[in-house]
Student: 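There's a structure below that I have some questions on.
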2 protein chains.
Amino acid sequence: MTENAPHRVETSRKTIQILDALREHGSSSVTFIARELEMNKSTVHNHLSTLEAEKFVVRNGTDYELSLRLLGFGGYVQHRHPLYQVAKREVHRLASQTGELANLMVEEYGQGVYLASEQGEQAVDLDIYPGLRRPLHAIGLGKAILAHLPSERVDEIVEEHGLPAETDQTITDRAELDAQLATVRDRGYAVDNEELIRGLRCVGAPIIAKDGTVLGAISVSQPVSRTNSEHFTDEVPDIVQSAANVIELHANH
Amino acid sequence: MTENAPHRVETSRKTIQILDALREHGSSSVTFIARELEMNKSTVHNHLSTLEAEKFVVRNGTDYELSLRLLGFGGYVQHRHPLYQVAKREVHRLASQTGELANLMVEEYGQGVYLASEQGEQAVDLDIYPGLRRPLHAIGLGKAILAHLPSERVDEIVEEHGLPAETDQTITDRAELDAQLATVRDRGYAVDNEELIRGLRCVGAPIIAKDGTVLGAISVSQPVSRTNSEHFTDEVPDIVQSAANVIELHANH
DNA sequence: TAGTTTGTTCTACTCAGTAGAACGATTGTT
DNA sequence: AACAATCGTTCTACTGAGTAGAACAAACTA
């Protein structure tokens with residue numbers, strides 16, 4: 001707390017670390033978290049009983065887990081997000097129209113954050129939920145967003161997060177990424193061929209405000225087995241793009 | 001920190017108060033929160049910059065607001081909730097089958113917490129979102145749950161939260177509540193006639209585990225204007241109850 | 001331009017968070 | 001059954017960190 005990291009509350013930071021650990025490991029005991037975070041047992045105990053009194057965590061016998069109170073915060077943030085409000089219905093429609101998995105994403109802190117996720121009748125069952133963060137370069141949604149961010153911002157993001165390989169199809173080369181982003185700008189949508197998850201393909205379209213800034217992206221994800229017809233290469237991009245256009249109209253009043 | 005409220009971390013509690021204030025008031029400034037919570041300006045500033053560094057809040061110029069990181073926690077809690085996992089699809093189906101608003105609720109800390117909320121094609125647009133808390137006695141969902149809680153637990157809940165009137169139709173009398181809960185147990189579902197919101201009626205059915213404990217409830221809400229036909233009095237309760245039964249089957253493996 | 005009100009920085013004080021040892025309670029082992 | 005090990009919890013003392021208040025600069029108002 002001397003020079004260049006001024007005025008931070010170390011105690012609150014510890015509480016947040018504990019919440020993070022509970023999220024990462026699920027239901028956990030005092031001792032487990034203490035070992036995990038290299039804190040003293042009594043310290044962790046004090047924090048956890050505070051969190052319990054504040055109803056942020058709930059105990060099951062000897063273990064603690066995150067409570068529904070956090071869902072309240074999350075639901076609130078989602079509910080009042082301006083893009084979610086205008087895009088919610090389109091995500092829903094996209095899922096039921098295609099029968100597949102429809103997602104809505106925005107960028108925050110250089111990462112892609114799912115704002116909504118809706119499964120159609122035959123949709124794959126992925127572990128995607130609102131608030132989940134994924135690297136932008138490895139998904140169709142993310143590339144749709146990156147393609148319309150200012151290039152300095154893309155530089156910053158790549159510098160901060162790199163281009164880690166999620167599968168053997170992930171783009172890991174900066175030049176290759178730039179080339180693909182140019183293609184995305186040309187044809188208006190992005191494609192992701194098993195770049196995040198093996199066996200999964202996505203088509204994502206950017207949602208752009210009238211001043212040219214990108215608000216987010218919307219996508220359809222389907223298993224490779226259902227992407228061989230021309231339905232995937234022709235119709236799906238059209239459907240996704242028109243959903244994006246409808247959202248753009250709503251967003252611009 | 002002397003006798004009977006031992007080992008609480010006061011500093012973390014302050015951070016939580018600030019998060020609560022941001023949720024209650026939306027985007028707020030340092031001075032506003034300091035006044036609101038009767039804290040010193042510099043204290044609030046320290047906490048907020050810590051929260052910003054931890055990405056729990058985001059600043060818009062001079063104001064701070066809750067960030068999408070909290071959505072991550074909320075989405076995680078929802079996603080891993082055992083009832084949500086088995087009930088999600090039924091809520092979805094209920095919404096599209098009836099075209100109305102379908103909700104899923106559980107009890108926590110004596111309050112009703114929405115776990116899922118899905119709008120059908122013609123559904124009313126209420127400010128309901130996952131994590132929102134509502135008094136159990138004033139809604140169909142809540143009465144369906146209360147009817148199957150142990151009576152001592154109902155006593156506790158009424159004692160802690162009372163029976164506040166949300167509209168002029170809300171049950172405010174304990175004997176009246178007990179009578180209605182008996183009816184709910186008899187016929188298997190609960191009805192709410194504008195008891196939370198004027199103009200809105202709900203039908204809620206309890207979801208009961210094989211050991212008899214109530215896991216939650218599922219409901220359909222519609223505007224009074226669409227509840228005059230016998231469709232509402234006959235079919236809707238059947239549909240809701242069968243959705244509850246399907247969930248019970250999934251919940252019991 | 002003068003007067004407010006904002007967010008932020010700084011400093012000193014003291015209170016509260018922390019570590020570590022010790023306590024029962026519980027579990028698993030021999 | 002008695003033991004050892006590990007759990008959560010309580011206690012105490014120390015000191016480091018959170019807090020309040022004054023002072024700062026920047027933005028806005030009249």
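Just so we're on the same page: letters track the sequence lines, and every chain starts at 1. Bear in mind the structure is a predicted one, so any value in this text is a computation, not a measurement.
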Student: Expressed as a whole number of angstroms, how long is the span from B/Arg8:CZ to C/dT18:C1'?
Tutor: 17 Å
Student: Given side chains that start at C-beta, do those of A/Ile33 and A/Met39 come closer than 4.5 Å, heavy atoms only?
Tutor: no
Student: Please determine if a side-chain N or O atom of B/His47 lies less than 4.0 Å away from the OP1 or OP2 oxygen of D/dT19.
Tutor: yes
Student: Taking atom C1' of D/dT19 as reference, at what distance in whole Å does atom CD of B/Gln17 sit?
Tutor: 14 Å
Student: Are the side chains of A/Ile139 and A/Glu166 in contact, using a 4.5 Å heavy-atom criterion?
Tutor: no
Student: Tell me which one of A/Glu156, A/His137, A/Gln111 satisfies side-chain contact (heavy atoms from CB on, under 4.5 Å) with A/His161.
Tutor: A/Gln111
Student: So, under a plain 3.5 Å distance rule, would you say the side chain of A/Ser42 forms a donor-acceptor pair with the base of C/dA19?
Tutor: yes
Student: If we count only N and O atoms by modelled type, under 3.5 Å, do the side chains of A/Thr11 and B/Thr11 hold a donor and an acceptor together?
Tutor: no
Student: Looking at every strand, decide which applies to B/Arg59 at a 4.0 Å heavy-atom threshold: base, sugar-phosphate, or nothing.
Tutor: sugar-phosphate
Student: Is A/Thr43 near enough to C/dA19 that one of its side-chain N or O atoms lies under 4.0 angstrom from OP1 or OP2?
Tutor: yes
Student: Looking at side-chain heavy atoms only, is the closest gap between B/Leu146 and B/Val184 below 4.5 Å?
Tutor: no
Student: Atom CD of B/Glu52 to atom P of C/dT8: distance rounded to whole Å?
Tutor: 8 Å
Student: Quick one: is A/Arg35 getting a side-chain N or O under 4.0 Å of the D/dC7 phosphate, OP1 or OP2?
Tutor: yes
Student: Please determine if a side-chain N or O atom of A/Thr11 lies less than 4.0 Å away from the OP1 or OP2 oxygen of D/dG18.
Tutor: yes
Student: Under 4.0 Å between any heavy atoms, over every strand shown, what does A/Tyr64 touch: base, sugar-phosphate, or nothing? Just pick one.
Tutor: sugar-phosphate
Student: Could you tell me the separation between the CD1 atom of A/Ile33 and the P atom of D/dC7, rounded to a whole number of Å?
Tutor: 13 Å
Student: Can you tell me the distance, in whole Å, between the NZ atom of A/Lys41 and the C1' atom of D/dC11?
Tutor: 13 Å
Student: How many Å lie between CD1 on B/Ile18 and C1' on D/dG18, as a whole number?
Tutor: 12 Å
Student: Is the distance from OP1 or OP2 of D/dT19 to the nearest side-chain N or O of B/Lys14 less than 4.0 Å?
Tutor: yes
Student: What's the CG-C1' distance between B/Asn46 and C/dG17, to the nearest Å?
Tutor: 16 Å
Student: To the nearest Å, how far apart are A/Arg13 CZ and C/dT18 P?
Tutor: 13 Å
